[in-house]
Amino acid sequence: MFTGLSAFPLTPLRDDAFDEAAYAGLVTRLAEAGVDSIAALGSTGSYMYLERNERRQAARAAVEHAGAIPVIVGIGALRTSQVQALAYDAQEAGASAVLLAPATYQGLGDDEVFSLFEDVTAGLSVPLVVYDNPGTTHVTFTDELHARIASLAHVASIKIPPVSTDPDAAAARVRNLRDRIPAEVTIGVSGDGSAAAGLQAGCDAWYSVIAGTLPAPALAITRAAQAGDFEAALAESARLAPLWSLFAEHGSYRVTAAIAEQLGLVAGYSLPRPVQGLGTAARVRVAEIIDELHLAP
């Protein structure tokens, strides 16, 4: 489950409450598409905006509707005790693995970040994915910190930020990290616009925002890369350049929600307030890109 395509679905709301019916539909679509894993309650899944009971409901619904596809459940929170409680809930729900980003309000030093992972992994019975997302969490990992954490029991994969689009620089980035971590720990790339470059550079997995709503184009990129046809993978990514530009301009979170809303997969205004989603002009552009790129199911 830590190679190939991991799809991160939205956790849609309706009237400020978890919309389980819409969520079940999103997860079922991913299972039917044949993604390699489903990552519930990542950043795309609004995990930091949800209460513990809502997260418990989402974890259970993801496992229930994923069929044979393994489910990775996000457990990030501000306090170690909260993370441990969420890890317990995820395992009780039947999660195949958990995903942990070290969320912070006060800045965290390397020893504090390591202690979080040390404390949480000590109580796990499933594998853990390290979620390196400095743009959102404001926690910066060094390769040395990754190496310390990767040595802990149950750590199975590291989700790294976007790599350079320069092939040599991207390959060097992946190689430098791989040289420091155990061989069995996989490296997964995030940042959808550079995912094909990351796979070409040697990443084992793509932890994907867009795959949670539009799995087909993400699968096309991933399967081409897995077959060694990086030219096809890069060409498909280049075809999606207008979408990546929208991500860069407005953020993948809001754009993906607008796509799901435009396609009728979730209700309108599905994001947690005070996040308001895209404005009218941007939503018009989303609809145009869906048509231009033939992204509608």
Side-chain angles (χ1 to χ4, degrees), residues 2-10 35-39 41-48 72 74 76 99-103 129-143 146 157-178 186-215 217-226 230 233-259 286 289 293 295:
F2 308 114
T3 61
L5 181 65
S6 187
F8 282 59
L10 298 160
V35 300
D36 296 300
S37 65
I38 296 170
L41 298 170
S43 295
T44 309
S46 304
Y47 72 99
M48 285 297 288
I72 305 168
L99 170 74
L100 177 55
V129 179
V130 179
Y131 190 177
D132 182 354
N133 187 10
T136 299
T137 64
H138 310 295
V139 173
T140 299
F141 284 82
T142 63
D143 285 353
H146 273 311
S157 185
I158 300 172
K159 177 182 185 288
I160 65 171
V163 299
S164 171
T165 54
D166 175 76
D168 293 336
R173 169 72 192 100
V174 175
R175 184 171 57 252
N176 287 340
L177 178 56
R178 195 176 297 284
T186 70
I187 299 173
V189 67
S190 61
D192 286 5
S194 65
L199 294 170
Q200 182 183 35
C203 287
D204 306 288
W206 174 14
Y207 292 109
S208 173
V209 173
I210 197 59
T213 298
L214 297 172
L219 279 165
I221 292 170
T222 306
R223 298 297 181 245
Q226 288 178 314
F230 296 111
L234 291 166
E236 177 63 7
S237 183
R239 184 182 75 85
L240 299 176
L243 179 59
W244 308 148
S245 294
L246 272 184
F247 277 17
E249 183 176 359
H250 300 288
S252 60
Y253 182 56
R254 289 176 172 84
V255 172
T256 302
I259 292 171
V286 165
I289 287 176
L293 300 182
L295 296 177

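Note that the structure is a prediction, hence the values are computed from the model and not measured. Positions are given from 1 along the sequence.
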For the student: nearest non-hydrogen atoms of [X] and [Y], plus distance:
{"X": "Val163", "Y": "Ala197", "answer": "CG2-C, 4.1 Å"}
{"X": "Ala170", "Y": "Ser164", "answer": "CB-O, 3.3 Å"}
{"X": "Pro217", "Y": "Glu236", "answer": "CB-OE2, 3.7 Å"}
{"X": "Arg239", "Y": "Pro242", "answer": "O-CD, 3.5 Å"}
{"X": "Gln226", "Y": "Gly4", "answer": "NE2-CA, 3.3 Å"}

Distance (rounded to the nearest 0.5 Å) between [X] [atom1] and [Y] [atom2]:
{"X": "Leu10", "Y": "Ile259", "atom1": "CG", "atom2": "CD1", "value": "9.5 Å"}
{"X": "Thr222", "Y": "Leu5", "atom1": "OG1", "atom2": "CG", "value": "4.0 Å"}
{"X": "Leu243", "Y": "Leu214", "atom1": "CG", "atom2": "CG", "value": "7.5 Å"}
{"X": "Leu219", "Y": "Trp206", "atom1": "CG", "atom2": "CH2", "value": "8.5 Å"}
{"X": "Tyr253", "Y": "Ser46", "atom1": "OH", "atom2": "OG", "value": "2.5 Å"}
{"X": "Ile221", "Y": "Leu234", "atom1": "CD1", "atom2": "CG", "value": "9.0 Å"}

Using the side chain to side chain donor-acceptor pair (under 3.5 Å) definition, which of the options Ser157, Ser37, Ser6 pairs with Tyr207?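 Checked Ser157, Ser37, Ser6 against Tyr207; only one passes side chain to side chain donor-acceptor pair (under 3.5 Å): Ser157.
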Could you walk me through whether Phe8 and Asp192 pass the side-chain contact (heavy atoms from CB on, under 4.5 Å) test, one step at a time? CA-CA 11 Å; Phe8 282 59; Asp192 286 5; over 6 Å; no
Ignoring hydrogens and angles, tell me if any N or O in the side chain of [X] forms a donor-acceptor pair with the backbone of [Y] under 3.5 Å.
{"X": "Asp204", "Y": "Thr186", "result": "no"}
{"X": "Ser237", "Y": "Ala196", "result": "no"}
{"X": "Arg178", "Y": "Gly202", "result": "yes"}

Looking at Arg173 and Asp143, does any basic side-chain N land under 4.0 Å from a carboxylate oxygen?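 Looking at Asp143 together with Arg173, the answer is yes, because their closest N to O distance falls below 4.0 Å.
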Any side-chain heavy-atom pair of [X] and [Y] under 4.5 Å:
{"X": "Asn133", "Y": "Ser190", "value": "no"}
{"X": "Val174", "Y": "Val189", "value": "no"}
{"X": "Phe141", "Y": "Pro102", "value": "yes"}
{"X": "Pro161", "Y": "Asp132", "value": "yes"}
{"X": "Trp244", "Y": "Ile210", "value": "yes"}

Stepwise, does the side-chain contact (heavy atoms from CB on, under 4.5 Å) test hold for Ile160 with Leu177? CA-CA 10 Å; Ile160 65 171; Leu177 178 56; 3.6 Å; yes
Test item: side-chain donor near acceptor, Ser43 and Tyr131, under 3.5 Å: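 Yes, a side-chain donor-acceptor pair sits under 3.5 Å.
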Chi angles and distances behind the side-chain contact (heavy atoms from CB on, under 4.5 Å) call for Asp36, Thr3: CA-CA 7 Å; Asp36 296 300; Thr3 61; 5.9 Å; no
Verdict with reasoning, Leu99 to Tyr47, per side-chain contact (heavy atoms from CB on, under 4.5 Å): CA-CA 11 Å; Leu99 170 74; Tyr47 72 99; over 6 Å; no
